[in-house]
*Asks:* 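Structure incoming, see below.
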Amino acid sequence: MKSSSFRRVVLALFAFVALAGLAGCQREPQPEWRLNDVSGHLPDLDFKLVDDQGRNVTGADYKGKVAILYFGYTHCPDVCPLTLTQLHVVLDRLGPAAENVRILFVSVDPKRDTPSVMHSYVTAFDKRAIGLSGPDPELEKLAKRYRSAFSREPDRGDGNYEVSHSSAIFIFDAQGKARLLATPSASQDDIVHDLTLLTTLENHS
């Protein structure tokens, strides 16, 4: 091969490699989330609790499913039942993709919310909901992990007391990465939109 031809081939090869490198450096288009994108801002799903079957579970047990984490309690008079009802409708609207989603309802009232009480409560809203609770140190650790909070009124002896708690809805992908943050006031359309995107991304990853 003549030297001039060789140089042209080499230059063409360098140009191809440079273009390929540039293409490889381009970021993939990001999903157009409607909820708050918290990717990289909150830690992975991680806890040690007891589920509504009385089994010791960790965050790793729910990998492979998109997880919707919500703190509440079964005696909650308003926001908890409204939120669980909202999430049930959202999952129904998702259709078959909802089988890849789980609602993790974490009770911050373990004294009254035994596993059997939790099971009856969460499954009355949705079969894909799982009740979780545990000792106060673990609940406090988990709430602090996701910048949430709760406090209980003193028990006056009659078992009737209220628990104040944050109402944020945390959504994790199937690898346990925190992805989205919603509030109970978020529209069903927005939650359905983002869960559809998230489950689609998981199916193609």
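Keep in mind the model is a prediction, meaning the values are calculated, not measured.
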*Asks:* After noting the C-alpha distance and the side-chain angles of F150 and E140, does the key distance pass the side chain to side chain contact (heavy atoms under 4.5 Å, CB included) rule?
*Replies:* CA-CA 8 Å; F150 65 91; E140 291 166 2; 3.8 Å; yes
*Asks:* Are any of the side-chain heavy atoms of R147 and F170 separated by less than 4.5 Å?
*Replies:* no
*Asks:* Is the backbone N or O of A168 less than 3.5 Å from a side-chain atom of S166, with the two atoms forming a donor-acceptor pair by type?
*Replies:* no
*Asks:* Say whether, by atom type as modelled, one donor and one acceptor occur between the side chain of D194 and the main chain of W33 under 3.5 angstrom.
*Replies:* no
*Asks:* Tell me whether E153 at atom CD has more than 12 heavy atoms from other residues, nucleotides or ligands lying less than 6.0 Å away.
*Replies:* yes
*Asks:* Would you check if V79 and H165 make a side-chain contact, meaning some heavy-atom pair closer than 4.5 Å?
*Replies:* yes
*Asks:* Contact between D109 and E162 at the side-chain level, heavy atoms closer than 4.5 Å - yes or no?
*Replies:* no
*Asks:* Start with the C-alpha distance between S133 and D113, add both sets of side-chain angles, then the distance that settles side chain to side chain donor-acceptor pair (under 3.5 Å), and finish with yes or no.
*Replies:* CA-CA 8 Å; S133 193; D113 290 345; over 6 Å; no
*Asks:* Test L195 against every option in I191, V192, L197 by the side-chain contact (heavy atoms from CB on, under 4.5 Å) rule and name the one that passes.
*Replies:* I191
*Asks:* Taking all atoms of both residues into account, what is the closest heavy-atom pair of P81 and C76, and its distance?
*Replies:* CD-O, 3.6 Å
*Asks:* Shortest non-hydrogen contact from G131 to V122?
*Replies:* N-CG2, 3.7 Å
*Asks:* When the aromatic ring centroids of F172 and Y146 are compared, is their separation below 6.0 Å?
*Replies:* yes
*Asks:* Flag the pair Y121 / F105 as yes when their ring centroid distance falls below 6.0 Å, and as no otherwise.
*Replies:* yes
*Asks:* Using every non-hydrogen atom in the two residues, find where D52 and A129 come nearest and quote the distance to one decimal.
*Replies:* OD2-O, 4.3 Å
*Asks:* Would you call I130 and I103 a side-chain contact if the rule is heavy atoms closer than 4.5 Å?
*Replies:* no
*Asks:* Answer yes or no: is there a side-chain heavy-atom contact under 4.5 Å between H119 and S116?
*Replies:* no
*Asks:* Can a donor-acceptor pair be found, under 3.5 Å and without considering hydrogens, that links the side chain of S120 to the backbone of V117?
*Replies:* no
*Asks:* Before accepting this row, confirm whether a basic side-chain N of the pair D155/R112 lies closer than 4.0 Å to the acidic partner's carboxylate O.
*Replies:* no
*Asks:* Establish whether L132 and V66 are linked, either directly or via other cluster members, by ILVMFWY side-chain heavy-atom contacts under 4.5 Å.
*Replies:* no
*Asks:* Between CE of M118 and OG1 of T123, what distance do you get to the nearest 0.5 Å?
*Replies:* 10.5 Å
*Asks:* Are any side-chain N or O atoms of S148 and backbone N or O atoms of K144, one a donor and one an acceptor, separated by less than 3.5 Å?
*Replies:* no
*Asks:* How many angstroms lie between CG in D173 and NZ in K63, if you round to the nearest 0.5 Å?
*Replies:* 9.5 Å
*Asks:* Applying the 4.5 Å side-chain criterion to the ILVMFWY set and letting contacts propagate, would L142 and Y62 be lumped into a single cluster?
*Replies:* yes
*Asks:* Please answer: with hydrophobic residues joined when any side-chain heavy atoms are less than 4.5 Å apart, are L181 and I171 in the same cluster?
*Replies:* no
*Asks:* Give the minimum heavy-atom separation between S167 and Y70, together with the two atoms involved.
*Replies:* O-CE1, 3.3 Å
*Asks:* Mind checking the CG-CD spacing from L45 to Q175? Nearest 0.5 Å is all I need.
*Replies:* 12.0 Å
*Asks:* Do V106 and V57 belong together in a cluster built from hydrophobic side chains that touch within less than 4.5 Å?
*Replies:* yes
*Asks:* Taking side-chain hydrogen bond (donor to acceptor under 3.5 Å, both in side chains) as the definition, give me every residue that meets it alongside Q188, ordered by chain and number, with sequence neighbours left out.
*Replies:* Q86
*Asks:* Which atom pair, heavy atoms only, marks the closest approach of A143 to A149?
*Replies:* CB-N, 4.4 Å
*Asks:* What is the minimum heavy-atom distance between V101 and K65, and which atoms define it?
*Replies:* N-CD, 4.5 Å
*Asks:* Anything under 3.5 Å between a donor and an acceptor, one on a side chain of residues 88-95, the other on a protein residue two or more places apart or in another chain? List them.
*Replies:*
residue, atom, partner, partner atom, Å
H88, ND1, F125, O, 3.0
H88, ND1, D126, OD2, 2.7
H88, NE2, D92, OD2, 3.2
D92, OD1, R128, NH2, 3.2
R93, NH1, D189, OD1, 3.0
R93, NH2, D189, OD1, 2.8

*Asks:* For residues 36-51, pull every pair meeting side chain to side chain donor-acceptor pair (under 3.5 Å), keeping only residues two or more places apart or in separate chains.
*Replies:* D37-S39, S39-R179, D44-K177, D51-R55
*Asks:* With rounding to the nearest 0.5 angstrom, report the OG to CG distance, S185 to L82.
*Replies:* 12.0 Å
*Asks:* Do I169 and T183 have side chains that get closer than 4.5 Å, going by heavy atoms?
*Replies:* no
*Asks:* Determine, using the 4.5 Å side-chain heavy-atom cutoff (strictly less than), whether L69 and L198 are members of one ILVMFWY cluster.
*Replies:* no
